[in-house]
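One structure is given here, and the rest of the page talks about it.
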Amino acid sequence: MCVAMPGRVLSVKDGIARVDFDGNLIEARADLVQVKKGDRVLVHAGLIIQKLSATEAEEMESIFADLREIMGESDENR
Amino acid sequence: MKTADLVQAIAAYDGKPLTLMEVCGTHTAAISECGIPSLLPPAIRLISGPGCPVCVTVSAYIDRLIQLATSPNTCVVSFGDLLRVKGSSGDLCSTKGARVEMVYTPFRALELAESDPHTTFVFAAVGFETTAPLYALLVEQIIARGIENLKLLTALKTMPAVIRTLCKEDNAGGNACTADFVSTIDGFIAPGHVATVTGSALFEALAQEVGKPFAVAGFTAPSLLAAILALTKSAGRAEVYNFYPSAVTKEGNRDALAKVDRYFEPCTAAWRGLGTIPDSGLRLRAAFAHLDAGSDALTADHIPAGCHCGQVIAGKCAPADCPMFGKVCTPESPIGACMVSMEGACYHHYINDRH
């Protein structure tokens, strides 16, 4: 039930955003996050719950950088 | 480092046996769909926790929904995954005369209510911290539009208290279905979309309290594998990691949290198989109680004879250890809630042959 999908905002009017999910267009409420055209957002059951701060590629880089640190720290702690 | 390196590093784990719990039902689905269980070495066991809202909803709540749906001039509005969950004697889907509307968003209920003022609509408001802001906005819209024929039947849950409960039961030894089942939880894959709303800080406080690591994960294979690998490196330490940084910040969505706090307050909640847990749920504040459709005291938890859903939800029993699993209880003909929901542990163990 906690499914949320990433999409891109095409337009915003009267607190309702039109969001593109790889060609599927839906309307989502934007009451709780300030969004504008072009923003990548996370939509849960018709509500934008967060603006995504990074692309998938950037997120992967961040994850791997964190992991390198964790692995390094762990080796030092042994 | 690449995803293949993560797989290799996890497969090479040869430390003490670890049991890691994915708390979120959407993680249960993603883990199965990514085939992650087949990549794990024997020393790492992944178990599903109480994070599927449909699975943890008690029978008394379903019975109340059926009672409402079969009342004159009353219609229950619900997400689809609740419709086949059994109450003490049936489900919404197959109850003769039940009037039910399935929706993808709670806001559709506003249109339904406005278009049919002679019917009282009741939204089946189940969910965790992720979904609570939608119900807060729904209440706000009901009031703003002056809608008098739309109410909520709430069974909203929150994560911290149930995780504390699992850790306490864990320390007490638990009651596994089978003698060889390892019930000690060494770390948690923290729910990504709950954390999107609450912020990762929630899990920092919890990690310190229970003395176990938490790794917030997204719903892709690399994010989930990173969480598992990090937990193998930190078992026994109260570490918190965030492997969903594009969506999860430390403070979460403050506007969403404020909106929930405006309309809801913490309450004792009933969990299938776990009993009632103080401060583990949300109910409408007294000022908005007129919008409640009778959510109080729905605690009865009828579980069909032989069904092990309660133990599965607590992580004390693997789905395949339930005597009904795959025999009389299948996705086509589910007995327990964990086989009904597409986020349920039993459903995913069945369709993906997860071991």
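Each chain gets a letter, A, B and so on, in the order the sequences are listed, and its residues count up from 1.
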Could you have a look at [options] and say which one has the most heavy-atom pairs with chain A under 4.5 angstrom?
options: L229(B), T249(B), V197(B); value: L229(B)
options: L82(B), D255(B), T220(B), L134(B); value: L134(B)
options: Q141(B), M342(B), R108(B); value: Q141(B)

Go through the atoms of [X] and report whether side chain, backbone, both or neither lie under 4.5 Å from a heavy atom of chain A.
X: T3(B); result: both
X: V248(B); result: neither
X: N242(B); result: backbone
X: D81(B); result: side chain
X: F79(B); result: side chain
X: L137(B); result: side chain
X: P245(B); result: both
X: T26(B); result: side chain
X: L6(B); result: side chain

Side-chain donor/acceptor of E129(B) to backbone N/O of M159(B), under 3.5 Å: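 Yes.
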Donor-acceptor contact present, side-chain S223(B) to main-chain F243(B), <3.5 Å: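 Confirmed, S223(B) side chain pairs with F243(B) backbone.
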Under 4.5 Å from a heavy atom of chain B, the part of R29(A) involved: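 Only the side chain of R29(A) comes within 4.5 Å of chain B.
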Proximity breakdown for I63(A) and chain B, heavy-atom pairs closer than 4.5 Å: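 Interface part for I63(A): both.
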Using a cut-off of under 4.5 Å for heavy-atom pairs, which of [options] has the most such pairs with chain B?
options: A65(A), S62(A), A4(A); answer: A4(A)
options: A28(A), P6(A), A54(A); answer: A54(A)
options: E58(A), Q50(A), E59(A), E61(A); answer: E59(A)

Side-chain heavy atoms of [X] within contact of [Y], under 4.5 Å:
X: L47(A); Y: L32(A); answer: yes
X: V216(B); Y: V194(B); answer: no
X: D186(B); Y: L231(B); answer: no

Please report the closest heavy-atom contact between P191(B) and F203(B), naming both atoms and the distance.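 Taking P191(B) first and F203(B) second, the nearest heavy atoms are CD-CZ, 3.7 Å.
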Taking 4.0 angstrom as the limit, do [X] and [Y] come out as a salt bridge?
X: K259(B); Y: D31(A); answer: no
X: K250(B); Y: E204(B); answer: yes
X: R262(B); Y: E140(B); answer: yes

Quick check for you: to the nearest 0.5 Å, what is the distance between R237(B) atom CZ and K212(B) atom NZ?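 Here the interatomic distance stands at 14.5 Å.
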H193(B) and F219(B) aromatic centres sub-6.0 Å: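 Under 6.0 Å, so yes.
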